[in-house]
Asks: 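Here it is: the structure, laid out below.
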Amino acid sequence: MAINTEKSQLGVGSGNILSWDTIDKLKEADTKAMVKPLETKIQDNLTKQKDLTAITTLLSTFKGSVSNLTGDNTYLKRDANATGSNSVSVSVSAGVAEQNMNLSVQQLASQDSFQSKTFGSRTESVFDTDVSFGISIGGKDYVINADSTTTLEQLAEKINEATEGKVQAKILNVGGDEPFRMIIQSAQTGEANKIDFYSIQSTTGGSATNTSNDSTLKALGFYFDKASSTNGSKDSHGNTIMRLTLKQPDKLSEDEKKNAGSQISTAQDAKFKYNGIDITRSSNTIDDLILGVNLTLNKVDKDGETTNVNITQSTEGIMEDIKAMVESYNSLMNNINEATKYDSETGLAGTFQGVREITSITTELNKIINGVSKDGKSLADFGITLTKDGLLTLDSSILNDMINTKFDEFKNFFSSETKFTNVTAVGDKKIEWNDELKGKLTINGVEIDINIEKEFKDKDGKPLTNGEAEKAKKNALLKAIANASGLSDISASFDKDGKLVLKGSGGTDIEIKGESSFLTKLGLKEQKLDGKTEIIGGFFKGLNDTLNGLIGSEGSLTAYEESLTSSHKSLTASKEQRQKELDAKYTTMAEKWSQYDTIIAKLEAQMNTVNSMIEAANNANK
């Protein structure tokens, strides 16, 4: 690169001997000898980093395929096949025990549902006077206050709001001259969600603003049997009331039938048989019969009909996992072969030719892939073989046969088992319950406020006996620990001696902290117990471990990648430093040459003057 050639006429005095062209040539020679080699090394480094990223990405993809085959989740998948009447749909979660079940539905769960008489408009007023009436559901009473201006639509809104959504009221257009009906139904199915109506005889001491009688809801087309007694009881709000019973359709008079509402369905529980055992539930969706099994009751079975469900190991996706593993391995090997090749005729070499970290990958993987399990099985037994080119081939027919007929052998060869070593912290003494327990207990970094009073009372405020109080206090402590937000995989209980027991699951550590005097009351002390998670078994575990040794946080390729990054920084710094030194060197040279050029020009001028004087003297003497 030329140095400031526009600002100086360097070389004029020296006859272009000390010229910018000379400096440029000298600098170019120095740059070629000192900077260019570093630039070449930097470019080689960047190429290696790029190609290493490609290899580590392919290794990661291959590791993902291997992990799918070694991990528990692949072998915990389940299929639920139903035959027979199909009155029940079944879905299962991973890990459910393989089993058969026989199901027969006798009754579906349903809601309580009523329809009013028809109305000509949504905005038609319902009542002639101000009224209040009650609706009961789930053991709770709700009061609905209305007046003479309340429309059909507004009444539906009042019912929805007053009953906290437990009763749903909506207006439907059913067609005809008077097309609108109000539908009143329980939000949930089940016998416990039965809807009852009651009239309010007196508001003294209650929350109702008006009264009503057994004829009030005729405005909606509901006719009730006359009560045998007019002496009302109290609702939960303190109103004097009379419970109402809807007339059966066959008890309605001809005039009443002309514009009557009706009960569309009755609240009832679902009833079905599970392996011959009678089961009752409030919903047609059951998820609490068998952990991880969800049943949906669709219809009632006829006599002799049943649904048979077979829960089995799911093999769906395993064939695809094997194919993905073979494809990812072959892509990896092709890339490594290209990156490490050497052509003796052309002298061309791959990016990582001779780099031990890369060339050893094939050897390490093939050593495992060509290996034999402790029971004499190899990949070839499952249709997977290694070609002379170092690539895997898959015989799908052999693999499919092994999966479908010898699944246990397949699973034992490929899968690994996660083993947990759980820890337990046991108090060193029984907790004394005759005093208050107030303080903070910290488990695994989660702070738990314990606040148990000395005097423990029941829900009605009455003091409990000593035995009852101790039981209630124990439950309060266990509940505080169980409900602590963010505390997972830790359970609390008491042993037969009354000592507090904290147990970890899933290999979780237990770390206990707190103020020492409060921990002493609980029989605890500050300590940390280390749980353990270990993956054991499976032929492919060795392959998974090898891959972790390559691309894990402490893997050889991870270290090699770090060394390349470090080398790139060092080379870049060296190049910048050498370039800086060269620039300084030739800037200084140019300054000095400029001074020399000026001196030479002056000397030449003086010489010219002397020569002129000599020539003049010679001419004068002729």
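Please read all numbers here as calculations on a predicted model, not as lab measurements. Along the sequence shown, the residues carry numbers beginning at 1.
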Asks: For the residue pair Val35 and Leu582, establish whether any side-chain heavy-atom pair is separated by less than 4.5 Å.
Replies: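 Side-chain contact under 4.5 Å: yes.
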
Asks: Just by distance, no angles: are the side chains of Asn404 and Asn400 close enough, under 3.5 Å, to form a donor-acceptor pair?
Replies: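 Yes - a donor-acceptor pair under 3.5 Å links their side chains.
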
Asks: Indicate the ring-plane relationship of Tyr75 and Phe410, choosing parallel, tilted or perpendicular according to the 30° and 60° boundaries.
Replies: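 The rings of Tyr75 and Phe410 sit tilted, inter-plane angle from 30° to 60°.
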
Asks: Can Glu316 and Lys77 be said to form a salt bridge (Lys or Arg N to Asp or Glu O under 4.0 Å), step by step?
Replies: CA-CA 8 Å; Glu316 181 182 359; Lys77 295 176 183 176; over 6 Å; no

Asks: Kindly indicate, with the supporting measurements, whether the criterion side chain to side chain donor-acceptor pair (under 3.5 Å) is fulfilled by Thr351 and Thr47.
Replies: CA-CA 7 Å; Thr351 307; Thr47 300; over 6 Å; no

Asks: Looking only at side-chain N and O atoms, does Asn81 offer a donor or acceptor that is under 3.5 Å from a partner on Asn310?
Replies: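 No, Asn81 and Asn310 have no side-chain donor paired with an acceptor closer than 3.5 Å.
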
Asks: Atom CG of Leu399 and atom CD1 of Ile322: how far apart are they, to the nearest 0.5 Å?
Replies: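 Reported to 0.5 Å precision, the distance equals 5.5 Å.
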
Asks: How close do Gln313 and Thr74 get, heavy atom to heavy atom, and via which atoms?
Replies: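 That would be NE2-O, 3.9 Å.
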
Asks: I need the Leu550 CG to Thr558 OG1 distance, nearest 0.5 Å.
Replies: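 Interatomic distance, Leu550 CG to Thr558 OG1, rounded to 0.5 Å: 8.5 Å.
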
Asks: Looking only at side-chain N and O atoms, does Gln43 offer a donor or acceptor that is under 3.5 Å from a partner on Glu39?
Replies: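 Result is no, nothing qualifies.
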
Asks: Indicate whether the side chain of Glu338 and that of Asn334 have a donor and an acceptor atom separated by less than 3.5 Å.
Replies: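 Not at all, the side chains of Glu338 and Asn334 share no donor-acceptor pair under 3.5 Å.
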
Asks: Measure across Thr307 and Val88 and return the closest heavy-atom pair with its distance rounded to 0.1 Å.
Replies: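 Of all heavy-atom pairs spanning Thr307 and Val88, the closest is OG1-N, 3.8 Å.
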
Asks: Is Lys521 atom NZ crowded by more than 12 heavy atoms from other residues, nucleotides or ligands, each under 6.0 Å away?
Replies: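 Enclosed.
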
Asks: Got a second to check how far Lys440's NZ is from Ile450's CD1, nearest 0.5 Å?
Replies: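 One gets 10.0 Å once the value is rounded to the nearest 0.5 Å.
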
Asks: Taking the side chain as everything from C-beta on, heavy atoms only, tell me whether Phe407 gets closer than 4.5 Å to Ile318.
Replies: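 A side-chain contact under 4.5 Å exists here.
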
Asks: Are Thr424 and Leu502 packed together at the side-chain level, in the sense that at least one heavy-atom pair is separated by less than 4.5 angstrom?
Replies: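 They are not in side-chain contact.
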
Asks: Step by step, work out the salt bridge (Lys or Arg N to Asp or Glu O under 4.0 Å) result for Lys406 and Asp401.
Replies: CA-CA 7 Å; Lys406 298 180 181 179; Asp401 181 64; 5.8 Å; no

Asks: Restricting to non-hydrogen atoms, name the atom on Val66 and the atom on Leu547 that form the minimum distance, rounded to 0.1 Å.
Replies: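 Taking every non-hydrogen atom into account, CG2-CD1, 4.2 Å.
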
Asks: So, for Asn298 and Ser89, which heavy atoms are closest and what is the spacing to 0.1 Å?
Replies: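 Scanning both residues completely, I find the closest heavy atoms to be ND2-OG, 2.8 Å.
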
Asks: Please evaluate residues Asp389 and Thr387 with respect to the criterion side chain to side chain donor-acceptor pair (under 3.5 Å), reporting the C-alpha separation (whole Å), side-chain torsions for both, the decisive distance (0.1 Å), and the verdict.
Replies: CA-CA 5 Å; Asp389 297 323; Thr387 69; 4.6 Å; no

Asks: Between Ser93 and Arg78, which heavy-atom pair has the shortest distance, and what is it?
Replies: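 Heavy atoms of Ser93 and Arg78 come nearest at O-CG, 4.0 Å.
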
Asks: Kindly indicate whether the side chain of Leu295, heavy atoms from C-beta on, has any atom under 4.5 Å from the side chain of Leu289.
Replies: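 Contact flag for Leu295/Leu289 side chains = yes.
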
Asks: I want to check a possible cation-pi pair here: Lys474 against Phe494, using under 6.0 Å from ring centre and within 45° of the ring axis as the test.
Replies: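 Yes - Lys474 lies over the ring of Phe494, closer than 6.0 Å to its centre and within 45° of its axis.
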
Asks: Does one side chain, of Ser415 or Thr70, offer a donor that lies under 3.5 Å from an acceptor on the other?
Replies: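 No, no side-chain donor-acceptor contact under 3.5 Å.
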
Asks: Tyr342 and Ala349: which non-hydrogen atoms are nearest, and at how many Å?
Replies: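 Heavy atoms of Tyr342 and Ala349 come nearest at CD1-CB, 3.7 Å.
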
Asks: Is there side-chain contact between Leu487 and Asn444, with heavy atoms separated by less than 4.5 Å?
Replies: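 Side chain of Leu487 against side chain of Asn444, heavy atoms only: contact under 4.5 Å found.
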
Asks: Would you please test Lys585 and Asp30 for salt bridge (Lys or Arg N to Asp or Glu O under 4.0 Å) and show each step?
Replies: CA-CA 10 Å; Lys585 172 183 176 180; Asp30 275 351; 2.9 Å; yes

Asks: Mind checking whether Lys429 and Asp497 have side chains closer than 4.5 Å, heavy atoms only?
Replies: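 Counting from C-beta outward, Lys429 and Asp497 never come under 4.5 Å.
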
